[in-house]
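Each chain gets a letter, A, B and so on, in the order the sequences are listed, and its residues count up from 1.
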There are 2 protein chains.
Amino acid sequence: MITNRNCIIRLSRYKNALYRLRDLGFVKVFSDNLADAIGVTASQVRKDFSLFGITGNRKGGYEIASLLEKLGGILGKDRVERVIIVGAGHLAYALMHYRGFEKEGIKIEAAFDIDPLKFAKNAQIPVLPIEEMKDFVVSNNVKVGVLAVPEIGAQRAADTMFAAGIKGILNFAPLRLKAPNDCTINNVNLEIELENLVYFVNILGKKGEDKI
Amino acid sequence: MITNRNCIIRLSRYKNALYRLRDLGFVKVFSDNLADAIGVTASQVRKDFSLFGITGNRKGGYEIASLLEKLGGILGKDRVERVIIVGAGHLAYALMHYRGFEKEGIKIEAAFDIDPLKFAKNAQIPVLPIEEMKDFVVSNNVKVGVLAVPEIGAQRAADTMFAAGIKGILNFAPLRLKAPNDCTINNVNLEIELENLVYFVNILGKKGEDKI
DNA sequence: ACTTTATTGTGATTTAATTCACAACAAGTT
DNA sequence: AACTTGTTGTGAATTAAATCACAATAAAGT
């Protein structure tokens, strides 16, 4: 069981690069093409594939269609992933309007908030009272949610999500969430991202280029 | 020169935890308090500090005020960091309204777009034509920018930023930007973040807990 | 003043991730 | 059919990151 986050992120990047190559009409690809595309070494590509038992043809490289299928399977893209957003603020609005999840099989199903002014039961992506979250999550079998509320209410909102059956949270609130043992938290902290960027800009050069 | 991104991110987290402790009235802190606060080992905390020549008192731990000052210096928080946003869409709007950068000394100075409908020269954070970016960047000595345009225009927009003198980009477009050698790119790819989350939810447990 | 206790600071060790390097081999060439 | 070429697949080596473990030592207690 591979638990190296960077490795999994590379798989996503390979997949994205492969989509492009395919759309350009390519059928086969070599490890060094993929390596160039995402900025790693060819060894790294082959090792990553090897870790997941993905093989190509010696000499012939890899068949793109087959690779995409295998990567899709590993990353759980063989079905549509239903996602909710908790907190219907500006960020939620941006995510709901982002056309880019769809092609990745990610479907934002609904947003939830405590503010009645935000409710929009009949919108394309409905905004519902947070009390309705549990029913919604259970009946739609949602496992993953985005947490986009202010820091002050974040832990409470997360707890509500866990209680509803959510197993993974993409957390935009700038704090460390406490979570049950079988749940996963991925944090996106924009202050920290910018701060990090400033550090690497300051120490000059691109030594700190996105290490992922 | 430390170029371990995770290490730098930890410094930011220590800093955030320290702000809280300070606001709670604490004056001193031990490595294991900080470790608990951000979810790493006490050794890791001390090693990180040691790497940057930060020392405390044997027995007495670290003085919070002094630690904050040193971390601030390392992370470039001893002055306000001026930042621009390129692309005035929903995400830019969310970032411009986010009250959370301010306390970190991050100031969003302006946004730029090609669409005249978006222009708002006199808004609190002005939205200006992209042609004005270079002048703005030069005269305000901006070094860091957020790239929040659709994938299709992202590389061109980035090139404009580099030409204007931007040295670091926080890139939300889902592609690998080509950048000059002395420039840093940090990517935030929400499709990939969600895909990654789905992977770790699927392999169950929280093995993949945010590795940063 | 001496002893105990608690904590740092860091060299040594371990673990994890990446890169190297090359045998295996498929496809094409003579 | 033998030879050449180019690419994979992976064990071995290397590099990087994290953890361990303990001497050094400051503060508190006796």
Side-chain angles (χ1 to χ4, degrees), chain A residues 1-14 18 21 26-64 66-67 70-71 74 196 199-200 203 207-212, chain B residues 1-14 18 21 26-64 66-67 70-71 74 196 199-200 203 207-212:
Chain A
M1 188 171 52
I2 311 300
T3 59
N4 175 348
R5 179 176 140 93
N6 287 349
C7 176
I8 306 305
I9 286 180
R10 286 194 300 269
L11 294 193
S12 291
R13 295 195 171 160
Y14 298 142
L18 286 165
L21 290 169
F26 288 91
V27 171
K28 292 195 304 184
V29 70
F30 300 125
S31 56
D32 65 332
N33 304 139
L34 275 175
D36 290 349
I38 81 156
V40 298
T41 65
S43 292
Q44 179 87 80
V45 174
R46 297 200 300 276
K47 177 67 90 180
D48 285 341
F49 288 176
S50 159
L51 251 33
F52 289 95
I54 294 176
T55 65
N57 301 29
R58 292 187 200 253
K59 185 99 177 187
Y62 303 84
E63 209 210 320
I64 291 178
S66 145
L67 252 189
K70 284 170 186 162
L71 290 173
I74 292 163
N196 189 263
Y199 173 86
F200 283 105
I203 69 166
K207 299 312 171 55
E209 193 199 16
D210 185 21
K211 280 290 168 37
I212 296 170
Chain B
M1 186 173 51
I2 311 300
T3 60
N4 175 348
R5 180 176 141 94
N6 287 349
C7 177
I8 307 307
I9 286 180
R10 285 194 301 269
L11 295 192
S12 290
R13 296 196 170 158
Y14 298 142
L18 286 166
L21 290 168
F26 288 90
V27 172
K28 291 195 305 186
V29 69
F30 299 124
S31 56
D32 64 334
N33 304 139
L34 275 175
D36 290 348
I38 80 157
V40 298
T41 65
S43 292
Q44 178 86 80
V45 175
R46 296 200 301 274
K47 177 67 90 179
D48 285 340
F49 288 176
S50 160
L51 250 34
F52 288 94
I54 294 175
T55 65
N57 302 27
R58 293 190 200 248
K59 185 99 175 185
Y62 303 84
E63 210 209 321
I64 290 178
S66 145
L67 253 190
K70 285 170 187 161
L71 290 174
I74 293 164
N196 190 263
Y199 173 85
F200 283 106
I203 70 168
K207 300 312 170 53
E209 192 199 16
D210 184 20
K211 280 291 168 35
I212 297 168

Visitor: A/Y62: what forms a ring pair (Phe, Tyr, Trp, His ring centres under 6.0 Å) with it, not counting sequence neighbours?
Guide: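 Partners of A/Y62 under the ring pair (Phe, Tyr, Trp, His ring centres under 6.0 Å) test: A/F49.
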Visitor: Using a 3.5 Å distance criterion without hydrogens, assess whether the side chain of B/N57 forms a donor-acceptor pair with backbone atoms of B/K59.
Guide: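 A pair under 3.5 Å: no.
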Visitor: Return the value, rounded to whole Å, for the distance between atom CG of B/N57 and atom C1' of C/dT5.
Guide: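 Going from B/N57 (CG) to C/dT5 (C1'), I get 16 Å.
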Visitor: Under the side-chain hydrogen bond (donor to acceptor under 3.5 Å, both in side chains) rule, collect the residues that match up with A/Y14, sequence neighbours excluded.
Guide: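 With neighbours one apart ignored, the set is A/D48.
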Visitor: NZ of A/K70 versus C1' of D/dT8: gap in Å, rounded?
Guide: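 Distance, rounded to whole Å: 13 Å.
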Visitor: List every contact pair, protein side and nucleotides 2-6 of chain D side both N or O, where the distance is under 3.5 Å.
Guide:
unit_1 : atom_1 : unit_2 : atom_2 : d
D/dT5  : O2     : A/K59  : NZ     : 2.6
D/dG6  : O4'    : A/K59  : NZ     : 3.2

Visitor: Can you list, pair by pair, the side-chain donor-acceptor contacts under 3.5 Å of residues 29-39 of chain A, counting residues two or more places apart and other chains?
Guide:
unit_1 : atom_1 : unit_2 : atom_2 : d
A/S31  : OG     : A/R46  : NH1    : 3.2
A/N33  : OD1    : A/F30  : N      : 2.8

Visitor: Would you give the length of the straight line joining atom CG of B/L18 to atom CG of B/L67, rounded to the nearest 0.5 angstrom?
Guide: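 Rounded to the nearest 0.5 Å, the CG-CG separation comes out at 5.5 Å.
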Visitor: Starting at atom NZ of A/K28, determine the distance to atom C1' of C/dG28, rounded to an integer number of angstrom.
Guide: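 Rounded to whole Å, this separation is 12 Å.
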Visitor: Check the distance between C/dT7's P and B/E63's CD and give it to me in whole angstrom.
Guide: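 Going from B/E63 (CD) to C/dT7 (P), I get 17 Å.
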Visitor: In residues 43-55 of chain B, which ones come under 4.0 Å of DNA chain D, going by heavy atoms?
Guide: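 The stretch gives B/S43, B/Q44, B/R46, B/K47 as the residues lying under 4.0 Å from the strand, ordered by number.
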Visitor: How many Å lie between CZ on B/R5 and C1' on C/dT18, as a whole number?
Guide: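 After rounding, the reported distance stands at 18 Å.
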Visitor: May I have the distance from A/D32 (atom CG) to C/dA21 (atom C1'), rounded to whole angstrom?
Guide: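 Checked: the CG to C1' distance equals 16 Å.
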Visitor: Taking CG from A/D36 and P from D/dT7, how many angstroms apart are they, rounded to a whole number?
Guide: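 Spelled out: CG on A/D36 to P on D/dT7 is 12 Å.
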Visitor: In terms of heavy-atom contacts, does NZ of A/K28 have more than 12 from other residues, nucleotides or ligands at under 6.0 Å?
Guide: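 Open.
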Visitor: Does the side chain of B/N4 get closer than 4.0 angstrom to OP1 or OP2 of D/dA18 through an N or O atom?
Guide: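 Checking B/N4 against D/dA18: at least one side-chain N or O falls below 4.0 Å of OP1 or OP2.
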Visitor: What is the distance, to the nearest angstrom, from the CG atom on A/N6 to the C1' atom on D/dA17?
Guide: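 So the two atoms are 12 Å apart, to the nearest Å.
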Visitor: B/Y199 and A/I74: which non-hydrogen atoms are nearest, and at how many Å?
Guide: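 That closest heavy-atom pairing would be CD1-O, 3.3 Å.
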Visitor: Could you pull out all residues at least two apart from A/T55 that satisfy side-chain contact (heavy atoms from CB on, under 4.5 Å)?
Guide: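 Testing A/T55 for side-chain contact (heavy atoms from CB on, under 4.5 Å), a comparison that skips the adjacent residues, returns none.
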Visitor: Could you tell me whether B/G60 contacts a base, only the sugar-phosphate backbone, or nothing, with contacts defined as non-hydrogen atoms closer than 4.0 Å?
Guide: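 Counting heavy atoms under 4.0 Å across all strands, no contact is made by B/G60.
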Visitor: Check every strand shown and say whether B/G61 touches a base, only sugar-phosphate, or nothing at a heavy-atom separation below 4.0 Å.
Guide: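 Contact class for B/G61: sugar-phosphate only.
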